[in-house]
Amino acid sequence: MATIAFILLCHKDPAAIIDQATRLTAAGDYMAIHFDARARIEDYQKIRTALADNPRVTFARKRLKCGWGEWSLVAATLQAVEAAAEAFPRATHFYMVSGDCMAIKSAEYAHDFLDAEDVDYIESADFFDDGWIKTGIKEERLIYRHYLNERTHKWWFYKSLEWQRRLGLARKIPEDLQMCIGSQWWCLRRRTIEAILDFTRERRDVMRFFRTTWIPDETFFQTIVRHLIPEREIRSRTLTFLMFTEYGMPVNFYNDHYDLLLSQDFLFARKISPEAHALKRRLGQLYAAEGVRFQVSNEGRNLYKFLTGRGRIGQRFAPRFWETESTLGRDRELMIVICKKWHVAKRLIERIRQGSNLPAVAYLFNEDQADLPDLGGIEANVAKRTRHRRALMRMLFDYYDSDRLVICMDPSAIDLMNDFCSDRAETRLLEMECQFTDEFLIGHAKRVGLASEQTPQEALRRLLPTLRNDIAFEADTIREAGFDHHYRLREIDGPEQHAEALMHFLAVPRQTAEDIAALDHLFSD
């Protein structure tokens, strides 16, 4: 009978990981865990301690710092696969899952399903002809070398690409490989896994090639399996059910999706919302159940497409089954830097990125040209972002694969602050109190259209008191709102007070806050 070794890559929520490992191994299966080296060591130790007496759980020998789109994700997967192959010689199948995945069938059903055919399940389509990539770069993923992460060093990422194009540094793809692409959620037989591990040791040229490709977790296993395994033994599909919104982001599943999920022709589903506690409980009980019969109708994607279409023909604001929860997420943290001097706030969040690895976006509700990723069109302009602000924020949390996010706002955006501070997510505010020279205020008047280069100096001088009063009124409005978790970073204070405010605002250790606060000339114009 089939026995599964689950390969789990994770980086947060140790309690959920412990529950997932306990639940899946209780039915006789195994699990190998790679916990991101960027995550807190205390969380990793908590997981190791809780699962220490479970002989069906093992851990990758080496923890790597993983980044979306990077080779590190494949390297971490290989670390976990090697650990599983060695620790669990009776495992017949190796199934890739994430912390957001849950079984939507019983273990009994899953084992019978895998026993029915001696095949591998991996979505694997021709890279160049299939059209699997909808947006962004395509062949450039392969033929150019990528040493930087597009999400954390966007400008340098595309500048490097431009330089390689100009210098004619395109490289050849290994001649004996047909490049393939597909979902990273695969289920492979033991002999396939062993063949892949042998291949990684023998073909150093191929390993060097993939190490500098972009998003290799969508191409590496998909290509190597096609190279090693006869086509008749491959089913080009994933056994993990997932859907994407019209903006290209994963759909989250909630408590009322239980029956829908069970009727899909898949063994697992992602992403299960962190808020869907009842759904998690019911699915957890299901995996251990015996004798359950499943009526597979597989209508999930068509139903989603139909209801989305209904929204476009006059029912745009009707409740939809995938949007029953409009919160950003109870376990998420939104940190808002409020500052009238935009360049000062941008200087601070760049320092925050460097010092804490927190994702940060500057003035996305104020600047049309905010540095946002491609989110399927919702990022197109300020008006659209503001109208769909909660959807936008959820998509950014998902894009950066983080439960913590820093953004910047102008003090005039009191309505947005009220909205986000009323959410079930934890929202914290950091108000930066700047000193304003006459020169800055005149420049500000020109930027917002109150004055122009042709405005007489006398008119500008008469305008200055009004501008100062307006800025003071915005600050008073924010304070009178009585927001919880409202901190202040004042220009007149020193590094020690700055570190104190940053420590509470970012929820980081004192030393990290002091390192960020040590930025020279933070408030300078």
Are the aromatic ring centres of His146 and Phe157 under 6.0 angstrom apart? yes
Heavy-atom side-chain proximity of Arg48 to Ile33 below 4.5 angstrom: no
Below 4.0 angstrom, N of the basic side chain to O of the carboxylate: do Glu426 and Arg332 qualify? no
Please determine whether the number of non-hydrogen atoms from other residues, nucleotides or ligands lying under 6.0 Å from atom NE2 of His277 exceeds 12. yes
His485 and Phe505: aromatic ring centres closer than 6.0 Å? no
Is a donor from one side chain sitting under 3.5 angstrom from an acceptor on the other, for Thr240 and Tyr95? yes
Ion pair present between Lys12 and Asp403, side-chain N to carboxylate O less than 4.0 angstrom? yes
Ignoring hydrogens and angles, state whether a donor on the side chain of Thr49 or Gln45 is under 3.5 Å from an acceptor on the partner side chain. no
Salt bridge check: are Glu123 and Arg237 linked by an N-O gap of less than 4.0 Å? no
Side-chain heavy-atom pair Leu430, Ile336 within 4.5 angstrom cut-off: no
What do you reckon, are the aromatic ring centroids of Phe221 and Trp186 less than 6.0 Å apart? yes
Can you confirm if the aromatic rings of Trp71 and Phe220 lie within a centre distance of less than 6.0 Å? yes
Do Asp126 and Gln178 have side chains that approach each other closer than 4.5 Å (heavy atoms only, starting at C-beta)? yes
Whether the side chain of Thr58 engages the backbone of Ala84 through a donor-acceptor N/O pair (distance < 3.5 Å, no angle test) should be reported. no
For Leu239 and Cys187, work out which heavy atoms get closest and say how close. CD1-CB, 4.1 Å
Over 60° means perpendicular and under 30° means parallel, so tell me whether His257 and Phe253 are parallel, tilted or perpendicular. perpendicular
Residue pair Leu283 / Leu261: nearest heavy atoms and the distance that separates them: CD1-CD1, 4.4 Å
Would Lys346 and Tyr363 count as a cation-pi pair here, with the cationic atom under 6.0 angstrom from the ring centre and within 45° of the axis? no
Trace of the side chain to side chain contact (heavy atoms under 4.5 Å, CB included) decision for Lys280 with Ile272: CA-CA 8 Å; Lys280 289 182 177 182; Ile272 307 300; 3.9 Å; yes
So do Leu502 and Tyr487 actually touch side chain to side chain, heavy atoms under 4.5 Å? no
Residues Glu350, Arg353: salt bridge by 4.0 Å N-O rule: yes
Go through it in stages, so that I can follow the logic: the residues are Leu114 and Thr92, the test is side chain to side chain contact (heavy atoms under 4.5 Å, CB included), and I'd like the CA-CA distance, side-chain angles, deciding distance and then a yes or no. CA-CA 9 Å; Leu114 295 176; Thr92 61; over 6 Å; no
Are Phe6 and Tyr30 close enough that their ring centres sit under 6.0 Å apart? no
Gln222 backbone acceptor or donor facing Ser124 side chain under 3.5 Å: yes
Would you say the ring centroid of Phe483 lies under 6.0 angstrom from that of Phe420? no
Is it true that Glu514 and Arg510 make a salt bridge, defined as a side-chain N closer than 4.0 Å to a carboxylate O? yes
Please find the pair of heavy atoms, one from Arg270 and one from Ser98, that lie closest to each other, and give the distance. NE-OG, 3.2 Å
Is the shortest side-chain heavy-atom distance between Val406 and Val361 below 4.5 Å? no
Please check if the side chain of Asp423 supplies one atom and the backbone of Leu328 the other of a donor-acceptor pair under 3.5 Å. yes
Ion pair Arg190/Asp120, N-O distance below 4.0 Å: no
Could you check whether Lys154 pairs with Asp371 (Lys NZ or Arg NE/NH1/NH2 to Asp/Glu carboxylate O, under 4.0 Å)? yes
Between NE2 of His11 and CG of Leu9, what distance do you get to the nearest 0.5 Å? 10.5 Å
Between Glu140 and Lys138, is there a salt bridge with N-O shorter than 4.0 Å? no
What heavy-atom pair brings Val296 and Gln264 nearest, and what distance separates the two atoms? CG1-C, 4.0 Å
Mind checking whether Ile407 and Met393 have side chains closer than 4.5 Å, heavy atoms only? yes
Let me know which of Thr152, Asn149, Thr212 forms a side chain to side chain donor-acceptor pair (under 3.5 Å) with Glu70. Asn149
Would you please say whether a donor-acceptor pair under 3.5 Å links the side chains of Arg141 and Thr219? no
Mind checking whether Tyr109 and Leu267 have side chains closer than 4.5 Å, heavy atoms only? yes
Expected output: side-chain Thr512 to main-chain Val508 donor-acceptor under 3.5 Å: no
Is there a donor in the side chain of Thr22 and an acceptor in the side chain of Asn54, or the other way round, less than 3.5 Å apart? no
Between Arg428 and His504, what is the shortest heavy-atom contact and its length? NE-O, 3.5 Å
Determine, step by step, whether Met96 and Gln184 satisfy the side chain to side chain contact (heavy atoms under 4.5 Å, CB included) criterion, reporting the C-alpha distance in whole Å, the side-chain angles of both residues, the deciding distance to 0.1 Å, and the verdict. CA-CA 8 Å; Met96 183 80 177; Gln184 63 269 53; 5.6 Å; no
Donor-acceptor contact below 3.5 Å, side chain His34 vs main chain Leu64: yes
4.5 Å side-chain heavy-atom contact, Thr3 and Arg90: no
Electrostatic pair Arg389:Asp419 at N-O distance under 4.0 angstrom: yes
Interatomic distance, Leu348 atom CG to Leu489 atom CG [nearest 0.5 angstrom]: 6.5 Å
